[in-house]
Number of protein chains: 2
Amino acid sequence: MANTKKMDYVLLGLLSHEPMTGYEMKKRLDTTLRFFWGGSYGSIYPTLNQLEKEGKVTKEDTSSNGREKLSYSITDCGKDALIEWLAKPVEKDELRYETLLKLFFGNETGMEGAMEHIERFEEKCKDELVVLNMFAENLGQYLEDDTHKHYYLTVKFGIKTYEAYLEWCREAKEQIKEWTKK
Amino acid sequence: MANTKKMDYVLLGLLSHEPMTGYEMKKRLDTTLRFFWGGSYGSIYPTLNQLEKEGKVTKEDTSSNGREKLSYSITDCGKDALIEWLAKPVEKDELRYETLLKLFFGNETGMEGAMEHIERFEEKCKDELVVLNMFAENLGQYLEDDTHKHYYLTVKFGIKTYEAYLEWCREAKEQIKEWTKK
DNA sequence: TTTATCATATATCGGTTTGATATATTTGTC
DNA sequence: GACAAATATATCAAACCGATATATGATAAA
C-alpha cells in the first residue's frame with residue numbers, strides 16, 4: 001500500500017508555507033497546530049532525513065557563528081505528494097481525552113472525583129479559548145491571504161468546540177449537583 | 001517514574017465494571033469508548049498478560065466446545081492501582097483531526113478541496129450524532145446506577161461537541177461561499 | 001564580569017500504540 | 001452443505017511519543 005505515514009505530510013505541509021528548520025517545525029506543532037495535531041522531535045528529524053532521501057525536500061546548511069542550522073525546502077516532487085494526499089478522503093479523526101476516560105470509570109472514586117476532573121478541564125478550556133480568540137483577532141487582519149483563510153477556519157473550529165466544552169462543563173456540574181443532593 | 005501506560009488503566013477500568021475477555025474489551029473500545037478513546041489487539045493482549053503477572057488481574061479459562069475463551073477479572077491490587085490513577089490529575093487531552101490538518105494545508109488545493117473535506121466531515125458528524133442520541137435515550141432508563149451516570153455524562157459530552165462541529169460546518173461553508181463569490 | 005538561565009538547534013533511544021495479519025472454531029444464512 | 005460472519009487469541013513491523021543528550025548563542029542577574 002502507499003505511504004500512510006502522517007508525519008510526512010505534516011512536514012511537507014509546513015514547508016509548503018515556507019522553508020524552515022526542524023526546530024521551527026516543532027514550534028509550529030506546539031503553537032499553531034497544537035489544537036488538532038502534535039509531533040515530537042523523535043518523529044520530526046528522522047522523517048526529515050527520509051524525505052530528503054526521497055527527494056521531497058532539500059536540505060541547506062544555513063549555520064552561522066558555529067550554531068548548527070539546517071534549513072529545509074519542499075521540492076516539486078514533495079509538493080506533488082502533498083497535493084495527492086490532500087485530495088484523498090480523511091482516514092481518521094480521533095479524540096484521546098483522558099478526562100473523559102477518568103470520568104467514564106469514575107464510579108470507583110465517586111462523584112466528587114468526577115467533579116474535580118470537570119473543574120480542572122473547565123479551567124484549561126477557558127485558557128485555551130483566550131489564546132484561540134487572540135489568534136482569531138490577529139488573523140482577521142490578514143484574510144486576503146489564502147493561507148490565512150485556511151488557518152482562520154481551523155481557529156474558528158477550535159473556538160466553537162471549546163465553547164461547547166465549557167457549556168458541557170456547566171451542565172455536567174449542574175447535573176452532578178442534582179444527583180448528589182437527593 | 002511510576003507507570004504511565006494508559007492501556008493498563010483502560011483495561012482495569014473495563015474490568016472494574018465486569019469480568020470479560022480481550023475480545024469483548026476491543027468491542028467496548030470500538031463502541032462505547034470510541035468517541036474519546038481507542039485501542040488495538042496489539043496492545044490489549046500483551047497488556048492483559050502483563051497485568052496478570054503483576055497480580056492486577058486474574059485469568060480464567062472459560063472455553064467451551066473447543067472455542068478458546070479467557071475471561072479476566074480485576075483483583076483488589078488492580079482496583080487499588082485504578083483508584084490511584086483516577087485520583088491523579090489528567091496528563092493530556094488530545095485531538096488528532098486529519099480533517100483539520102487537510103483544511104489547514106488546503107491552500108495547495110484551493111477552497112473547493114476544503115469544501116469537500118468539510119462536507120464529508122459534516123456527514124460523519126450527523127451519523128455519529130444519531131448514534132450518540134440513541135445511547136443517551138437508552139441510558140435515560142438506567143440512571144439510578146452510578147456506572148450509567150458516568151457513562152451518561154460522557155455521552156452528553158459527545159452530543160455537545162458533535163452539535164458544535166455541525167454548527168461550525170454550516171458557518172465554515174457559508175464563509176467559503178462568501179470568499180469565493182467575490 | 002562571571003555565572004546562570006533560557007532559547008536555539010540537532011539527534012537518538014526506549015517504550016507505547018496502531019494497523020494489519022495469521023489462525024482456528026462456531027454460528028447463522030442461503 | 002457451502003459460505004460468510006462473528007467469536008477469540010495472538011504477533012509483528014512500523015509509527016509515534018516523551019525524555020534525554022549535546023552544544024552554542026543571547027540575555028539577565030549577581
Side-chain angles (χ1 to χ4, degrees), chain A residues 1-11 14 19-31 33-34 36-54 57 59-72 85 91-96 98 101, chain B residues 1-11 14 19-31 33-34 36-54 57 59-72 85 91-96 98 101:
Chain A
M1 209 194 294
N3 190 4
T4 179
K5 197 175 136 200
K6 298 286 148 47
M7 193 50 61
D8 285 18
Y9 304 106
V10 174
L11 302 186
L14 288 171
M20 63 181 95
T21 67
Y23 184 74
E24 281 177 292
M25 294 179 198
K26 171 66 172 156
K27 270 204 294 187
R28 294 288 168 95
L29 287 167
D30 290 345
T31 54
L33 300 179
R34 127 179 115 87
F36 54 90
W37 207 267
S40 65
Y41 288 127
S43 66
I44 291 171
Y45 285 109
T47 301
L48 241 19
N49 282 323
Q50 168 224 313
L51 288 172
E52 200 209 354
K53 271 179 204 152
E54 291 170 358
V57 305
K59 176 162 61 177
E60 195 195 348
D61 192 329
T62 55
S63 302
S64 57
N65 309 333
R67 158 76 55 80
E68 197 177 7
K69 194 170 170 177
L70 303 171
S71 199
Y72 290 87
W85 176 75
E91 287 178 345
K92 202 183 176 192
D93 287 323
E94 192 188 3
L95 213 70
R96 277 179 91 82
E98 218 182 295
L101 207 52
Chain B
M1 207 196 293
N3 190 6
T4 181
K5 197 174 138 201
K6 296 287 146 50
M7 193 50 63
D8 286 18
Y9 304 107
V10 174
L11 302 187
L14 288 171
M20 64 182 94
T21 68
Y23 185 74
E24 282 177 290
M25 294 180 198
K26 172 64 172 156
K27 271 204 293 186
R28 294 289 168 96
L29 287 167
D30 290 344
T31 53
L33 300 178
R34 126 179 116 90
F36 56 89
W37 206 267
S40 64
Y41 288 128
S43 66
I44 291 172
Y45 286 109
T47 301
L48 242 18
N49 281 323
Q50 169 223 312
L51 288 173
E52 200 209 355
K53 270 180 204 152
E54 291 170 358
V57 305
K59 177 162 59 177
E60 194 195 350
D61 192 329
T62 53
S63 304
S64 56
N65 310 335
R67 158 78 55 80
E68 199 178 6
K69 194 170 171 178
L70 303 169
S71 199
Y72 290 87
W85 176 76
E91 285 179 346
K92 201 182 177 192
D93 286 323
E94 193 187 0
L95 213 69
R96 278 181 91 83
E98 220 182 294
L101 208 52

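Chain A is the first sequence line, chain B the second, and so forth, proteins listed ahead of strands; every chain is numbered from 1. Atoms considered below: every heavy atom in the structure, side chains included; atoms not considered: hydrogens, waters and symmetry mates.
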Open item on the list: What is the separation between atom CH2 on B/Trp37 and atom C1' on C/dT16, rounded to the nearest whole Å?
Closed with: 11 Å
Task: Interatomic distance where NZ belongs to A/Lys26 and P belongs to C/dA11 [whole Å] - done: 16 Å
Task: Gap between atoms CE and P, on A/Met20 and C/dT8 respectively (whole Å) - done: 14 Å
Open item on the list: Between C1' on D/dC17 and CE on B/Met7, what's the gap in Å once rounded to a whole number?
Closed with: 15 Å
Open item on the list: Can you measure B/Lys92 atom NZ to C/dT17 atom C1' for me and round it to whole angstrom units?
Closed with: 13 Å
Task: Listed partners of A/Arg34 passing side chain to side chain donor-acceptor pair (under 3.5 Å), at least two apart - done: A/Glu128
Task: Counterpart residues, side-chain contact (heavy atoms from CB on, under 4.5 Å), relative to B/Pro19 (two or more places apart) - done: B/Ser71, B/Ser73
Detail all sub-3.5 Å separations between protein N/O atoms and N/O atoms belonging to nucleotides 8-10 of chain D.
unit_1	atom_1	unit_2	atom_2	d
D/dA8	OP1	B/Lys69	NZ	3.3
D/dT9	OP1	B/Leu70	N	2.8
D/dT9	OP1	B/Leu70	O	3.1
D/dT9	OP2	B/Gly22	N	3.3
D/dT9	OP2	B/Tyr23	N	3.0
D/dT9	OP2	B/Tyr45	OH	2.8
D/dT9	O5'	B/Tyr45	OH	3.4

TODO: With DNA chain D as reference, determine whether A/Ser64 or B/Glu94 sits nearer its 5' end, using the nearest nucleotide of each.
DONE: B/Glu94
- [ ] Identify, with sequence neighbours excluded, every residue that meets salt bridge (charged side-chain N to carboxylate O under 4.0 Å, His left out) alongside B/Lys92.
- [x] B/Glu94
- [ ] Output yes when at least one side-chain N/O atom of A/Arg96 is less than 4.0 Å from OP1 or OP2 of D/dC16, else no.
- [x] no
TODO: Run through A/Thr47, A/Leu33, A/Leu48 and flag the one making a side-chain contact (heavy atoms from CB on, under 4.5 Å) with A/Met25.
DONE: A/Leu48
Task: Distance test, side-chain N/O of A/Ser43 to OP1/OP2 of D/dA15, below 4.0 Å - done: no
Task: Partner set under side chain to side chain donor-acceptor pair (under 3.5 Å) for B/Lys26, not counting sequence neighbours - done: B/Asp30
TODO: State which residues pass side chain to side chain donor-acceptor pair (under 3.5 Å) with A/Lys69; sequence neighbours excluded, sorted by chain then number.
DONE: none
